[in-house]
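Since the structure is predicted, the reported quantities are computational estimates derived from the model, not experimental observations. Side chains included, hydrogens not; waters and symmetry mates left out as well; all remaining heavy atoms used.
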Amino acid sequence: MPGMQLFPLEQGDLPDRDGLDLLLAREGAAMFEGWSDRGPWKIILPWPEELTSLSPSRVEEWQAVLETITRDQTRPVSSDDDRLPFAGGWIGYIGYEAGASSWGAAFYDDDPPEPPLWFARHESVVAIDPSGVAHLFCFEHDLGRLRADLKSMRESAVRPREPKNPPGAMSESLDAAEYRAAVEEIRQAILRGDLYQVNLTRRFSSPGAWDPYALYLAITGDDIPRCSAFINGGDWQIASASPEVFLRYDAATGIAESRPIKGTIERTGRDRSDTEWLLSSRKDASEHLMIVDLIRNDFGRVAPAGRVRVASFRDVIRLKHVLHLESTIRAEGLGTRPFAEVFAAMFPSGSITGAPKRAVVECIRRLEPVPRGVYTGAIGFWDFR
């Protein structure tokens, strides 16, 4: 049976970026922007074929579900595959609490709207390459049907684009006094030697209806972060604008890498002096080194001895409004390790917990009154390749 191929789409087959949510109306649809070192691709996934998720009462099964979907290699191989960041497979996320529970953190009594694990299987892909050329990646016998379906979705009614709630409607999970008290408790724990670093977070909430895709456009802007994603879960939607690569794994070569970001300053327009300041900051250097060492240690739990290295250290990443420090830690010789085992050794990421991990996930659970859910979990995909 012939494999899948890339077919060019004509101008007008797709709406512009502001209207791409017309292709994302079905439960299980998603869009990933970036996700490649070879330029900013847009991967649009309108046609979910299968959904899998876990209820909060079954969250302990998350590693088994991840292992099941990462064994799915059923699609015929195509010569066009190597052009695409994603050529079919499973897309979704694992929430923060699933990973934190593996390190000893207790569950919350309240659950976020989204399940602790959710994935959708996608075979056919709409892809816009870095030059702006659109393609449909599918079997040739599906081409006519899928193009007709794109036309039908494109011609459907456009929803309003403005959020319906003013910013003043926001509420916080920790008010200013509670936040200051939590920070002081962390400082005292550091002074005692219990901890080295903790990432304390707050949830901001607003009642009522928002347009989720309008929110996605607002937070990604015209300088789209490298790992941005929009996911439609039916009763809930996720808008994510992350620049950080938590884990990349090539099962064919047995090589995994993580690119933690630690150390950030506002970009003032004086890039040279800003860069010099960031690189000379003792606070940012110390914070960054702690997380690099933590991730090296996490990789060391699954990699053969001597096969973990820092491929690049404290690179300066320039985004529209900020400068970041990023390192690349690489583990080799993992070919016999299932992806789920590698992922579990690393998750949740040290860059959004702190160090040492077991102590800080317990501290976070004690100080943060609400679950994080998908926030600081991991969004991503497992490719059929």
Side-chain angles (χ1 to χ4, degrees), residues 33-40 130 179 183-184 186-187 189-191 193 195-202 219-228 240-248 255-300 303 306-332 346-357 359-360 363-364 375-376 378-380:
E33 295 190 279
W35 298 82
S36 173
D37 290 334
R38 293 182 290 178
Y179 189 80
V183 170
E184 182 57 29
I186 291 168
R187 293 180 66 193
I190 292 171
L191 286 171
L195 307 165
Y196 300 111
Q197 182 182 156
V198 180
N199 275 44
L200 181 69
T201 72
R202 288 181 284 180
I219 64 174
T220 54
D222 56 6
D223 185 31
I224 303 166
R226 175 173 54 193
C227 296
S228 296
S240 177
S242 174
E244 187 171 26
V245 178
F246 161 54
L247 180 62
R248 180 178 290 168
I255 297 174
E257 70 175 32
S258 182
R259 300 183 185 180
I261 290 172
K262 268 288 171 239
T264 301
I265 60 169
E266 182 183 3
R267 193 172 184 182
T268 68
R270 300 183 298 274
D271 276 2
R272 182 173 179 178
S273 61
D274 289 344
T275 298
E276 290 173 351
W277 190 96
L278 183 57
L279 290 172
S280 64
S281 165
R282 292 176 62 192
K283 177 265 186 188
D284 290 289
S286 176
E287 184 181 6
H288 191 91
L289 181 59
M290 285 182 199
I291 297 307
V292 169
D293 281 346
L294 175 61
I295 290 177
R296 288 174 60 206
N297 184 69
D298 284 349
F299 268 141
R307 302 300 297 275
V308 179
R309 64 187 178 91
V310 180
S312 64
F313 184 61
R314 292 208 305 157
D315 294 331
V316 177
I317 306 300
R318 293 174 174 84
L319 301 183
K320 186 173 183 179
H321 299 293
V322 296
L323 300 179
H324 288 308
L325 292 179
E326 177 187 79
S327 290
T328 299
I329 301 99
R330 192 165 291 146
E332 300 177 344
M346 306 291 294
F347 187 63
S349 174
S351 67
I352 50 77
T353 54
K357 190 179 288 186
V360 297
C363 179
I364 287 168
Y375 170 68
T376 68
I379 292 174

Residues in side-chain contact (heavy atoms from CB on, under 4.5 Å) with [X], at least two apart?
X    : result
T376 : Y96, I352, R372
A303 : V308, A331, L334
R202 : E172, S173, L174, Y179, F204
R318 : R267, D271, T275, V316, L323

### Message
List the residues meeting side-chain hydrogen bond (donor to acceptor under 3.5 Å, both in side chains) with S242, not counting sequence neighbours, and say none if there are none.
### Response
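Per chain and number, S242 pairs via side-chain hydrogen bond (donor to acceptor under 3.5 Å, both in side chains) with no residue.
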### Message
Going by the rule side-chain hydrogen bond (donor to acceptor under 3.5 Å, both in side chains), which residues pair with S286 if we only count those two or more places apart in sequence or in a different chain?
### Response
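If we apply the side-chain hydrogen bond (donor to acceptor under 3.5 Å, both in side chains) test to S286, skipping adjacent residues, there are no hits.
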For residues [X] and [Y], determine if any side-chain heavy atom of one lies less than 4.5 Å from a side-chain heavy atom of the other.
X    : Y    : result
I329 : P260 : yes
M346 : I295 : yes
H288 : F313 : yes

### Task
Start with the C-alpha gap between R259 and E257, add the side-chain angles, then the distance that decides, and say whether salt bridge (Lys or Arg N to Asp or Glu O under 4.0 Å) holds.
CA-CA 7 Å; R259 300 183 185 180; E257 70 175 32; 2.9 Å; yes
What's the shortest heavy-atom distance between [X] and [Y], and which atoms?
X    : Y    : result
Y196 : P356 : CD1-CD, 3.7 Å
A241 : P243 : O-CD, 3.8 Å
K320 : D223 : N-OD2, 2.8 Å
I291 : K262 : CG1-CG, 3.6 Å

### Query
Quick one: CZ on R309 to OG1 on T328, what's the gap to the nearest 0.5 Å?
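Answer rounded to 0.5 Å: 10.0 Å.
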### Query
Out of curiosity, D298 CG to K357 NZ, how far, rounded to the nearest 0.5 Å?
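NZ of K357 is found 3.5 Å from CG of D298.
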### Query
Judged by modelled atom types alone, do S351 and E244 share a side-chain donor-acceptor pair under 3.5 Å?
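Present: a donor and an acceptor within the cut-off.
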### Query
With no hydrogens and no angle check, is any side-chain donor or acceptor of S312 less than 3.5 Å from a backbone partner on S327?
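No, S312 side chain to S327 backbone: no donor-acceptor pair under 3.5 Å.
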